[in-house]
There are 2 protein chains.
Amino acid sequence: MLAVSALSRHPQMMAGSEDAESPKRRAILNAATELFAARGYGAVSMDAIARAADVSKATLYAHFESKDRLFATIVHVACLENIMPADDLPEDGALDMASLGEVLRTIGGRILRFFLLDRSLAIHRLVIAESVRFPELGRAFYDNGPVAGRQRLAAWMASQPALDVPDPEVAAEQFLGLLRSGLYLRATLGLAPAPDAAAIEAVVAAAVGTFLRAYRA
Amino acid sequence: MLAVSALSRHPQMMAGSEDAESPKRRAILNAATELFAARGYGAVSMDAIARAADVSKATLYAHFESKDRLFATIVHVACLENIMPADDLPEDGALDMASLGEVLRTIGGRILRFFLLDRSLAIHRLVIAESVRFPELGRAFYDNGPVAGRQRLAAWMASQPALDVPDPEVAAEQFLGLLRSGLYLRATLGLAPAPDAAAIEAVVAAAVGTFLRAYRA
DNA sequence: GTCTATAGAAGGATAGAC
DNA sequence: GTCTATCCTTCTATAGAC
């Protein structure tokens, strides 16, 4: 469910074995990632992880010194990998109002669909649930996800003369808040019905409409 | 931390003893509520609850048939008790724009401060963390909290001629989304610094400003 | 209802052979 | 590194006396 390929780019996250390409290690990470994402920290046992990865518990402990470390490693890497899409914002060229609405709807749709991915929701749930016992995960999630995404969005908004944003950081935060209204909480709680494309588009359109009425120059 | 007084108003939530005034039962509920809120479901043992409530485990099991049931009872009651403030909205009298801004800042401040209470944050974390294994909790939380609050807010907005809200439910949802932008995620993750009164007022003022620019008639 | 004491299972973690 | 087998703790839940 959650990818782990960033491990090779973050060697400091590797304990026990330093060989990122160890197949057993990869199997453990894949199995543990899926189990933690699906059931949470407390409901997953090291036995279950070893079974799912088809290795012995001793092998598991040869690669990860404890359940805590295994969990922290997985969630930390997932936070570093799970980056909100904002790199498709057009380079500082000034846009007229119609194009601006178009761009905001496009980027807003991408962002909201990203928020609603099973992977994103699972990370969000894990971090919220365990941030009390693993404060560094809350920090990693927050700095790498919401803060980084907001900053890129804010910089772009500030560069658009068709927008009147006295405080770009606040405006970016509000745009994200508008996107999260409605569907997002329901999806986080796993409530039916699952959001479909039409519902997502409706939320995005409403968010962009409100945002532009408030912030057009 | 979380109150349990609604138990007496919800007798169907009581298993084992039907005497809501049993002091031991009350002690168990208080202790378990505090522990679950502080550490989450998995990190709290029935031993710890019995110790904190100063009763034996046998007594605990005489009142609650299992840990699952105890947890579900506590969180369910907490969801029913934790109601967003919206009853201080002025009765349908039409307001001018200045008064409207005043009322929105007042109610917005109350709502955001409510969201940021330790109690509200704890319930939110518990429900998100355990909604996979206890789907009925996600439903109870959602219907009694966000849905009910949004409906009351939407009805009030629809009654205000100084507002132009084509879809009151969407507008109410967006107002809540604007309030949640900024501080709320940080608080949910338990990140420092804890929100102070000035920060809360700033978020509320920004939310009301954006909302009114978008929705004033 | 309440206690002490304990059963029985599952948990995290390790020893020792290969 | 990897396995089998096991240790020790902790957990949920209950039996039986009062």
Side-chain angles (χ1 to χ4, degrees), chain A residues 4 7-8 11 13-33 35-36 38-75 126 129-130 133-134, chain B residues 4 7-8 11 14-36 38-75 126 129-130 133-134:
Chain A
V4 291
L7 263 183
S8 48
M13 301 273 21
M14 297 187 288
S17 165
E18 295 301 315
D19 179 4
E21 294 309 311
S22 160
K24 300 264 180 186
R25 184 188 168 87
R26 178 56 49 89
I28 291 168
L29 283 167
N30 287 338
T33 300
L35 285 172
F36 282 138
R39 304 184 206 168
Y41 178 82
V44 174
S45 71
M46 293 296 259
D47 278 277
I49 295 170
R51 262 197 311 277
D54 204 38
V55 301
S56 70
K57 265 203 293 184
T59 299
L60 208 172
Y61 278 97
H63 286 277
F64 300 93
E65 68 181 55
S66 69
K67 185 185 177 185
D68 279 15
R69 290 280 310 158
L70 174 58
F71 180 77
T73 300
I74 283 175
V75 178
L126 287 179
E130 305 300 335
R133 275 191 303 164
F134 300 89
Chain B
V4 291
L7 263 183
S8 49
M14 299 187 287
S17 165
E18 296 301 316
D19 180 4
E21 294 310 310
S22 159
K24 300 263 180 185
R25 183 189 169 88
R26 179 57 48 88
I28 292 168
L29 284 167
N30 287 339
T33 300
E34 193 127 355
L35 286 171
F36 282 138
R39 304 185 205 169
Y41 178 84
V44 174
S45 71
M46 294 295 259
D47 277 278
I49 295 170
R51 259 196 313 277
D54 203 38
V55 300
S56 71
K57 268 200 291 184
T59 300
L60 209 172
Y61 278 98
H63 285 278
F64 299 94
E65 67 181 55
S66 68
K67 185 184 175 183
D68 278 16
R69 289 282 308 159
L70 174 58
F71 179 77
T73 300
I74 283 174
V75 179
L126 286 179
E130 305 300 335
R133 275 191 302 164
F134 299 89

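Numbered from 1 within each chain, the chains take letters A, B, ... in sequence-line order.
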### Query
What is the minimum heavy-atom distance between A72(A) and F134(A), and which atoms define it?
CB-CD2, 4.4 Å

### Message
Quick check: closest heavy atoms across K67(B) and V44(B), and the distance to 0.1 Å?
### Response
NZ-O, 2.7 Å

Ignoring backbone atoms, establish whether [X] has a side-chain N or O less than 4.0 Å from OP1 or OP2 of [N].
| X | N | result |
| --- | --- | --- |
| S56(A) | dT4(D) | no |
| Y61(B) | dT14(D) | no |
| T59(A) | dC3(D) | yes |

May I have the distance from [X] (atom [atom1]) to [N] (atom [atom2]), rounded to whole angstrom?
| X | N | atom1 | atom2 | value |
| --- | --- | --- | --- | --- |
| K67(A) | dC11(D) | NZ | C1' | 13 Å |
| D54(B) | dT2(C) | CG | C1' | 12 Å |
| F71(A) | dG12(C) | CZ | C1' | 16 Å |
| I49(B) | dT10(D) | CD1 | C1' | 14 Å |
| F64(B) | dT14(D) | CZ | P | 16 Å |
| D47(A) | dT14(C) | CG | P | 14 Å |
| R69(A) | dG12(C) | CZ | P | 17 Å |
| R39(B) | dC11(D) | CZ | P | 10 Å |

### Message
When you compare the side chain of F64(B) with that of I28(B), does any pair of heavy atoms fall below 4.5 Å?
### Response
yes

#### Entry: Beyond-backbone contact of F36(A) with I74(A), side-chain heavy atoms, under 4.5 angstrom
yes

### Whether over 12 other heavy atoms sit under 6.0 Å from D68(B) CG
yes

### Nearest-nucleotide 5' precedence on DNA chain C, A58(A) against M46(A)
M46(A)

### Summary
Taking for L60(B) and for V44(A) the nucleotide of DNA chain C with the nearest heavy atom, the one nearer the 5' end belongs to L60(B)

### Residue S66(B), side-chain atoms from C-beta onward, closest of dT2(D), dA13(D), dC3(D)
dA13(D)

### Side-chain-base donor-acceptor pair under 3.5 Å for K57(A) and dG12(C)
yes

